[in-house]
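Notes to accompany the following structure.
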Amino acid sequence: FCITCMTVFLEEKRKSPKDIGYEIQTLEFGKEDALLQERDNRARWHGIPVLVQELYASSHLNSDFSRTRTVLKELSSLLSMEAMSFVTEDRKTAQESTFPNTYTFDLFGGVDVSVYSGLAPLSLNDDLVKDCLSVLYNCCICTEGVTKSLAARDDFVFFLFTLMTNKKIFLQTATLIEDILGVKKEMIQLDGIPNLPGLVQSFDQQQLANFCRILSVTISEPDVGNDDKHTLLAKNAQQKRNTSPSRAEHNQVTLLNIPGFIERLCKLATRKVSEATGVSNFLQELEEWYTWLDNALVLDALVQMATDEVEQSSTESSDESTLATAPLRHRLPQSMKVVNEIMHKVEVLYVLCVLLMGRQRNQVHKMLAEFRLIPGLNSLFDKLIWRKYTAANHVVHGQNENCDCSPEISFKIQFLRLLQSFSDHHENKYLLLNSQELNELSAISLKANIPEVDALVNTDRSLVCDGKKGLLTRLLTVMKREPPDSSFRFWQARAVESFLRGATSYADQMFLLKRGLLEHILFCIIDSGCRSRDVLQSYFDLLGELMKFNVDAFKRFNKYVNTEEKFQAFLSQIDSSLVDSNMLLRCIVLSLDRFENLAEDVRVVEVLSECFLLSFMARVENRLSFLFRLINIINVQTLTQENVSCLNTSLVVLMLARRRGKLPFYLSALREKERAEKYPGCLLNNFHQLLRFWQHHYLNKDKDSTCLENSSCIPFSYWKETVSVLLGEDRTSLCAIASYIDEPYMELDGALLED
């Protein structure tokens, strides 16, 4: 009767509430069904209100479940076709005025009936629960309001997790949970899930891989996007407000405390896959499917369906030819299982990558090493991760980790991101090599008469890569074969660069130089015609780490860049974006400063006199030009994780000048440049504010300053001291910025930072 009242209200909503109430009260008992049918026909509701009534009436424990299932099948049929059309048409928003089936179902209480009156009582019947979940999922696809409404019900969300113990409805439950968590305003706390350790331990390996897709939403910090919240100023302010660990960090700790969890993920990540012939053609066909099969769980459903049908066919007939001649839809190509495995590994690697970047990084590192993740990935590299047939498939796409691309591309990118996180500033990076390669590093150190780094000496040889090549060497091989326009170049360069980050190691540099990495980088920057700023930035950063303080690297550079024309082409790439190339500039300035202090070394004197790059940077006017531009392209309001390096590079230039007693000369030159540009005080005021921010940012007890110290070989105490000197308030000091700003142009107000 309430549903009938709603139909009257919808049709007669232009009337006053008094009139509507009168009409409802004067309805003759027994005629509401006829009225509902009339309204249904007129509004084209396809009988959905009646079906919702029947679902409610037949969803109790003592009901006729055969009728319940019939109702659910009818509802599912009405909603699934609409959901499929929404998916194939990029999920166009349903207009309420057209009353699509999903909107009508929700309007008449179908979602509430499914959740409160249908799902829980039906939990004793797997088939009915599966149908009910399907109905809810179809609603979520078409009507975002439904998804948000379900996401707001914590009790329902946690109840769904309990359903995942049932293997028959695992896929449907996991799919619905994933959609709900994707729109949930507040991240759930995993320890709120009843018996989470028991739930995880009940999963088989395939279920655990799919569960990782859900976990990725619960352990990743919310994406702040590209708006003002992305600036370091806003991030610092947020950190001040949020002193306790975030929910994502809390969830990461919860997962690490589940017995055997990391070990099982390592086994999943390194599990081998049997491959059939004809994989190449099949994957090309799969590219077209993937535009709408955007969920690994959907592919799992196909795998399960095909496996069930094959088993049924085998049971019905002992003739093997029956299965061989069955329609293609009844058979699952082995190659589809390969892709299914790849999609699982994408989710597993993502979870491991997030955990590696969290606060428990050292604990995670220890476990990944113990469970031989890196040797396992090395054994999969040629057969699965970087198979030969994928060389022709080079789709250029953005560096966004959530990029909507094929399973193969996603797998490669996630693999490279994992290597980057694993190697970055951590002694376990030497696990990427095999025993012979570790011996090579030792030999390089011995020949150069320098001590081996502690991390190399302490590496457990039983945990390193097996085979003729380590993982790093394999990566270098495919990196050099990659076409110029391939976006894999970005991730490959980042992964290799992370191996070099930290305290500069001559042996590490020579290991890579011997394999032609420097020549490859210079070819990509100068001769390949690469125009991608992201790729060029990654190569500039890698080149800087490869050449820093290394005379042999600069000699190799000069051998490749052996004409003025080539040098100008290289310089043009640097000039085109200082934000992208400033880390390389920092490397050159630091190396030049060290080389100039080694005048007694014949090799150093030779490279100083012959190298185009060092000769160019040795001219003070060129250093000043770069310094002016670096300070001018940033300000406190626009500082991000991407461009804050420009500020640190500027500081490096001035710290080296201060060491040589030339800091007043540089500050005076900046003042003259300001005046020449007709903007007196503008540059130096901006620099003063930037340094004030630097103090707030890097002197915070939570900030790790060792990266600045390791990358520059300048003690952090000297960084702090130089900043304090530059910010000195004594206007008689020749090393204080304030001394070079005329009184009328002083803008040294700190209100911005304090706000």
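The only member of Arg417, Arg361, Arg501, Lys429 that meets salt bridge (Lys or Arg N to Asp or Glu O under 4.0 Å) when paired with Asp424 is Arg501. Of the residues Leu542, Leu518, Leu472, the one that meets the side-chain contact (heavy atoms from CB on, under 4.5 Å) test with Leu512 is Leu472. Each of Phe570, Phe612, Phe616 was scored for a ring pair (Phe, Tyr, Trp, His ring centres under 6.0 Å) with Phe557, with one residue passing: Phe570.
Within the 3.5 Å criterion, the main-chain N or O of Leu500 finds no donor-acceptor partner in the side chain of Asp508. No donor-acceptor pair closer than 3.5 Å links the side chain of Asn428 to the backbone N or O of Lys366. Between the Asp541 side chain and the Met583 main chain, no donor and acceptor come within less than 3.5 Å of each other. Formation of a donor-acceptor pair under 3.5 Å by the Glu674 side chain with backbone atoms of Cys682 is found in this model. A donor-acceptor pair is defined here as one N or O able to donate and one able to accept, closer than 3.5 Å; no such pair exists between the side chain of Ser668 and the backbone of Phe665. In terms of modelled atom types and a separation under 3.5 Å, the side chain of Ser739 and the main chain of Leu734 share no donor-acceptor contact. Ser486 contributes no side-chain N or O that, together with a main-chain N or O of Pro483, makes up a donor-acceptor pair within less than 3.5 Å. Although no hydrogens or angles enter the test, the distance criterion places a donor-acceptor pair under 3.5 Å between the side chain of Ser609 and the main chain of Glu606. Without hydrogens or angle criteria, Asp593 side chain to Leu590 main chain gives no donor-acceptor distance under 3.5 Å. A donor-acceptor distance shorter than 3.5 angstrom exists from the side chain of Thr722 to the backbone of Tyr718, with no hydrogens or angles considered.
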Can you list, pair by pair, the side-chain donor-acceptor contacts under 3.5 Å of residues 446-453, counting residues two or more places apart and other chains?
| from | atom 1 | to | atom 2 | distance (Å) |
| --- | --- | --- | --- | --- |
| Glu452 | OE1 | Ser442 | OG | 2.7 |

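Between Lys345 and Ile385, every side-chain heavy-atom pair lies at or beyond the 4.5 Å cut-off. Annotation: side chain of Asn632 is not in contact with side chain of Glu677 (no heavy-atom distance under 4.5 Å). Ile737 places none of its side-chain heavy atoms less than 4.5 Å from the side chain of Leu670. Within the 4.5 Å cutoff, the side chain of Asp575 has heavy atoms near those of the Phe626 side chain. For the pair Val354 and Tyr350, the minimum side-chain heavy-atom distance is below 4.5 Å. Side-chain contact between Leu431 and Leu368 is absent, with no heavy atoms from C-beta onward closer than 4.5 Å. A heavy-atom distance below 4.5 Å is found between the side chains of Trp694 and Asn648. Within the 4.5 Å cutoff, the side chain of Asp552 has heavy atoms near those of the Met510 side chain.
Residues Leu416 and Ala495 share a closest heavy-atom pair of O-CB, 3.8 Å. Closest non-hydrogen pair, Ala269 versus Leu352, comes out as CB-CD1, 4.5 Å. The two residues Ala369 and Leu463 make their nearest non-hydrogen contact at O-CD2, 3.5 Å. In terms of heavy-atom proximity, Cys524 sits nearest to Cys530 at O-CB, 3.7 Å. What you find for Leu355 and Val364 is that their closest heavy atoms are O-CG2, 3.7 Å. In this structure, Ser421 and His365 approach most closely via the heavy-atom pair O-NE2, 4.2 Å.
The distance from atom CG of Asn582 to atom OG of Ser650, rounded to the nearest 0.5 Å, is 8.0 Å. A distance of 4.5 Å separates CE of Met617 from CD1 of Ile588, quoted to the nearest 0.5 Å. Here Ile525 contributes atom CD1 and His520 contributes atom NE2; the two are 9.5 Å apart, rounded to the nearest 0.5 Å. One finds the OG atom of Ser577 at 9.0 Å from the CG atom of Leu536 (value rounded to the nearest 0.5 Å). Atom CZ in Phe511 sits 7.5 Å away from atom CD1 in Ile444 (nearest 0.5 Å). Here the CZ atom belonging to Phe422 is positioned 9.5 Å from the CG atom belonging to Leu377, to the nearest 0.5 angstrom.
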Exercise. Would you please test Phe540 and Gln573 for side chain to side chain contact (heavy atoms under 4.5 Å, CB included) and show each step?
Key: CA-CA 10 Å; Phe540 282 134; Gln573 291 281 44; 3.8 Å; yes

Practice problem: Begin with the C-alpha distance, continue with both residues' side-chain angles, and end with the deciding distance and a verdict on side chain to side chain contact (heavy atoms under 4.5 Å, CB included) for Leu418 and Leu373. | Solution: CA-CA 11 Å; Leu418 178 74; Leu373 173 69; 3.9 Å; yes

Self-check item: Evaluation steps, side chain to side chain donor-acceptor pair (under 3.5 Å), between Glu440 and Gln436
Solution: CA-CA 6 Å; Glu440 183 181 341; Gln436 292 78 13; over 6 Å; no

Quiz prompt | Worked check of side chain to side chain donor-acceptor pair (under 3.5 Å) between Asp580 and Tyr539 | solution = CA-CA 9 Å; Asp580 298 330; Tyr539 273 103; over 6 Å; no

Exercise. Just do the side chain to side chain contact (heavy atoms under 4.5 Å, CB included) check on His425 and Thr706 with the steps written out, would you?
Key: CA-CA 10 Å; His425 292 90; Thr706 56; 5.9 Å; no

Exercise. Report the C-alpha separation of Phe488 and Val478 in whole Å, then their side-chain angles, then the decisive distance to 0.1 Å, and conclude whether the side chain to side chain contact (heavy atoms under 4.5 Å, CB included) test is met.
Key: CA-CA 10 Å; Phe488 290 136; Val478 298; over 6 Å; no

Quiz item: Going through the distances and angles, do Gln509 and Asn550 end up as a side chain to side chain donor-acceptor pair (under 3.5 Å)?
Solution: CA-CA 8 Å; Gln509 291 174 324; Asn550 193 309; 2.9 Å; yes

Quiz prompt | Working for side chain to side chain donor-acceptor pair (under 3.5 Å), residues Gln252 and Gln360 | solution = CA-CA 8 Å; Gln252 291 174 23; Gln360 312 300 318; over 6 Å; no

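Counting non-hydrogen atoms of neighbouring residues, nucleotides and ligands closer than 6.0 angstrom, the CZ atom of Arg531 reaches no more than 12 such neighbours.
The stretch residues 464-479 participates, sequence neighbours left out, in these side chain to side chain donor-acceptor pair (under 3.5 Å) pairs: Arg372-Asp466, Asn378-Arg474, Asp382-Arg474, Glu437-Thr473.
Salt-bridge check for Arg489 with Asp534: failed, with every basic side-chain N at 4.0 Å or more from each acidic carboxylate O. Looking at Glu497 and Arg494, a side-chain N of the basic residue comes within less than 4.0 Å of a carboxylate O on the acidic one, giving a salt bridge. The residues Arg556 and Glu519 are annotated as salt-bridged, a charged nitrogen and a carboxylate oxygen being separated by less than 4.0 angstrom. Ion pairing between Glu642 and Arg533 fails under the 4.0 Å rule for side-chain N and carboxylate O.
Remark: the Arg461 side chain and the Asn439 side chain contain an N/O donor-acceptor pair separated by less than 3.5 Å.
Seen from the ring of Tyr740, Arg671 does not count as a face-on cation partner, given the 6.0 Å and 45° thresholds. Figure legend: cation-pi geometry between Lys566 and Tyr560, with NZ or CZ positioned under 6.0 Å from the six-membered ring centre and within 45° of its axis.
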